[in-house]
Amino acid sequence: MLDAKLVRSNPEEVAALLLKKGYQFPVAQFTELESQRREMQMATENLQNERNTRSKSIGKAKAAGEDIQPLLAEVADLGSQLDAAKARLNDVTAALDDLLSGVPNIPDSSVPEGADENDNVELRRWGTPAEFDFTPLDHVALGEKSGELDFETAAKLTGSRFSVLTGKLARMHRALIQFMLNTQTEEHGYTETYVPYMVNEDSLRGTGQLPKFGEDLFKVPFGERQYYLIPTAEVPVTNFVRDEIIDPERLPLKFTAHTPCFRSEAGASGKDTRGMIRQHQFEKVEMVQVVEPSRSWEALEEMTGHAEAILQKLNLPYRVVALCGGDLGFSAAKTHDIEVWLPGQNTYREISSVSNMTDFQARRLLARWRNPETGKPELVHTLNGSGLAVGRTLLAIMENYQTAEGRIRVPEALIPYMGGVTEL
RNA sequence: GGAGGGAUGGCUGAGUGGUCGAAAGCACUGGUCUUGAAAACCAGCGGUCCGAGAGGGCCCUAGGGUUCGAAUCCCUAUCCCUCCGCCA
């Protein structure tokens, strides 16, 4: 959520900044609601003040043994006036909150202009795509050959956009998770966590998936309530700090978690239907940092490096792009995507996304730290990034490490995790 | 699933329907003392919203209710603890 004060004092300026994201901020509607809110808040508070003052004097009179009947008569209709005022105020603040919670984060000034992924800006490339003296297959064809990647069985068990892995391929999938977690914890200083795969609405509100993006989530009815399967570990892990005031010496908080992620892919029918690029269920190792505001841009670079390190160790060629305004997510002020080279598709595809949410999530979360300079609780900045998406890493290895016989060599770094196996 | 008990500021913890936004302690900040530190002593010290300010509102898990007035009484929900049952 954006800072209401900021929006209030410079609505036009905020609207102009949000245009970069392709978002039209309804300035007139906001200003109108805001002036109503102010008027009603003052009216309500005046009534409350009067009620408090009078009630107090009744208490005094009673204590002094005076007759309080005349005083009671004077306040007879104050209650109903107050109720009416409160109801009007509630309506307006609810409308205002609705409006404001649908407004995305303001993109950083360094974010490139642009409408969609075609306008993203490449920052750097690492590694050289391998030359094959045969026509490289994509991971679906490779999986069919070995029989270890099976979409038909998955469709029988559940439906489309699921996969079944078996044998050594399943093991490599597991090996990747261990490898990523070990790297993030042992080399990059993250604390490993294990978290719920279902969360409540408050958590999703805190990180910004709700109220706007509920249709992307799998819902789980639970008694009278509703839980949601997590779309990313960002949700449970970032919510660690909801309603917390964090001691400055504890910052930065650096957490990593391996979780499955569940996405309905509601708006993506027909997109990436082949293979395991876009699934309803996939594994991801996530990095989350909670930092003091002055450090968040530094942390974005650092975390991008932490994701890149995995690809470098696996010797997978990739490039890093800065997302343009139109391609940025709702809560992000800036995002780096890391795209891995896929020979089977002859293109780079997203394998990690690292974002600085600045104080946007922290405001909804009420995640604060006590700034030693002011002594006051102030909002922290939150960041998250994949380190990495496991399924996509697996298929990148399949395609980049394939042999003419359609087998898959095991990347050096993974051999210890594979019990010494060097080829599948 | 059943029976009880609880939830109060950064933490621990008192609180009789009416000067209660809330005792006390810890922690923290400033000061006195000291070469310096510790100890001791003194003082300060919740959050949030509106307002230029003066000031005012709201917040004692959450949501309802009773009342002129609720941290305090009633209802519901959530979470935690104890015991019984069941269970990977």
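Owing to the predicted nature of the structure, the values given are computational and were not obtained by experimental measurement. First the proteins, then the strands, lettered A, B, ... as listed; each starts at 1. The figures that follow rest on heavy atoms only: side chains count, while hydrogens, waters and symmetry mates do not.
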Using atom [atom1] of each nucleotide, how far apart are [N] and [M] to the nearest Å?
N      : M      : atom1 : result
B/rG57 : B/rG2  : P     : 45 Å
B/rU61 : B/rC68 : P     : 25 Å
B/rG15 : B/rG53 : P     : 39 Å
B/rG46 : B/rG21 : C1'   : 9 Å
B/rA24 : B/rC73 : C1'   : 27 Å
B/rC28 : B/rU12 : C1'   : 15 Å
B/rG4  : B/rG44 : P     : 47 Å
B/rU82 : B/rG13 : P     : 16 Å

ask   = Base, sugar-phosphate, or nothing: which does A/Lys86 touch, judged by heavy atoms less than 4.0 Å apart?
value = nothing
ask   = Just checking A/Arg250: base, sugar-phosphate only, or nothing, at a heavy-atom cut-off of under 4.0 Å?
value = nothing
message = Going by salt bridge (charged side-chain N to carboxylate O under 4.0 Å, His left out), name the residues that satisfy it together with A/Arg278, two or more places apart in sequence or in a different chain.
response = A/Glu265, A/Asp272
Partners passing salt bridge (charged side-chain N to carboxylate O under 4.0 Å, His left out) against A/Glu13 (at least two apart in sequence or in another chain) = none
Can you tell me the base-pairing partner of [N]? Count Watson-Crick or G-U wobble geometry only, both distances below 3.5 Å, and say none if there is no partner.
N      : value
B/rC11 : B/rG25
B/rA3  : B/rU82
B/rU34 : none

key: A/Ser331 side chain to A/Asn105 side chain, donor-acceptor N/O pair below 3.5 angstrom   = no
Rounded to whole angstrom units, what separation is found between the [atom1] atom of [X] and the [atom2] atom of [N]?
X        : N      : atom1 : atom2 : result
A/Asn371 : B/rU29 : CG    : P     : 14 Å
A/Asp243 : B/rC79 : CG    : P     : 16 Å
A/Lys376 : B/rC49 : NZ    : P     : 11 Å
A/Leu366 : B/rG9  : CG    : P     : 15 Å

key: Qualifying salt bridge (charged side-chain N to carboxylate O under 4.0 Å, His left out) pairs with a residue from residues 413-423 of chain A, counting only residues at least two apart or across chains   = A/Arg407-A/Glu423
task = Could you say whether A/Tyr227 or A/Ile245 is positioned toward the 5' end of RNA chain B, judged by the nucleotide with the nearest heavy atom to each?
result = A/Ile245
key: Results of side chain to side chain donor-acceptor pair (under 3.5 Å) for A/Asp97 - residues two or more places apart only   = A/Arg364
Any A/Arg368 side-chain nitrogen or oxygen under 4.0 Å from OP1 or OP2 of B/rU48 = yes
query = A/Arg370 side chain N/O closer than 4.0 Å to the phosphate oxygens (OP1, OP2) of B/rG47?
reply = yes
task = Let me have a per-nucleotide readout for nucleotides 56-77 of chain B, 5' to 3', with B, S or -, counting only protein heavy atoms under 4.0 Å.
result = BSS---------BS--------
request  = Anything under 30° is parallel, anything over 60° is perpendicular, the rest tilted; go ahead and classify A/His188 against A/Tyr190.
outcome  = perpendicular
key: Side-chain touch A/Arg38/A/Arg8, heavy atoms, less than 4.5 angstrom   = yes
ask   = Among all residues two or more places apart in sequence or in another chain, which pass the ring-ring contact (aromatic ring centres under 6.0 Å, His included) test with A/Phe240?
value = A/Phe255
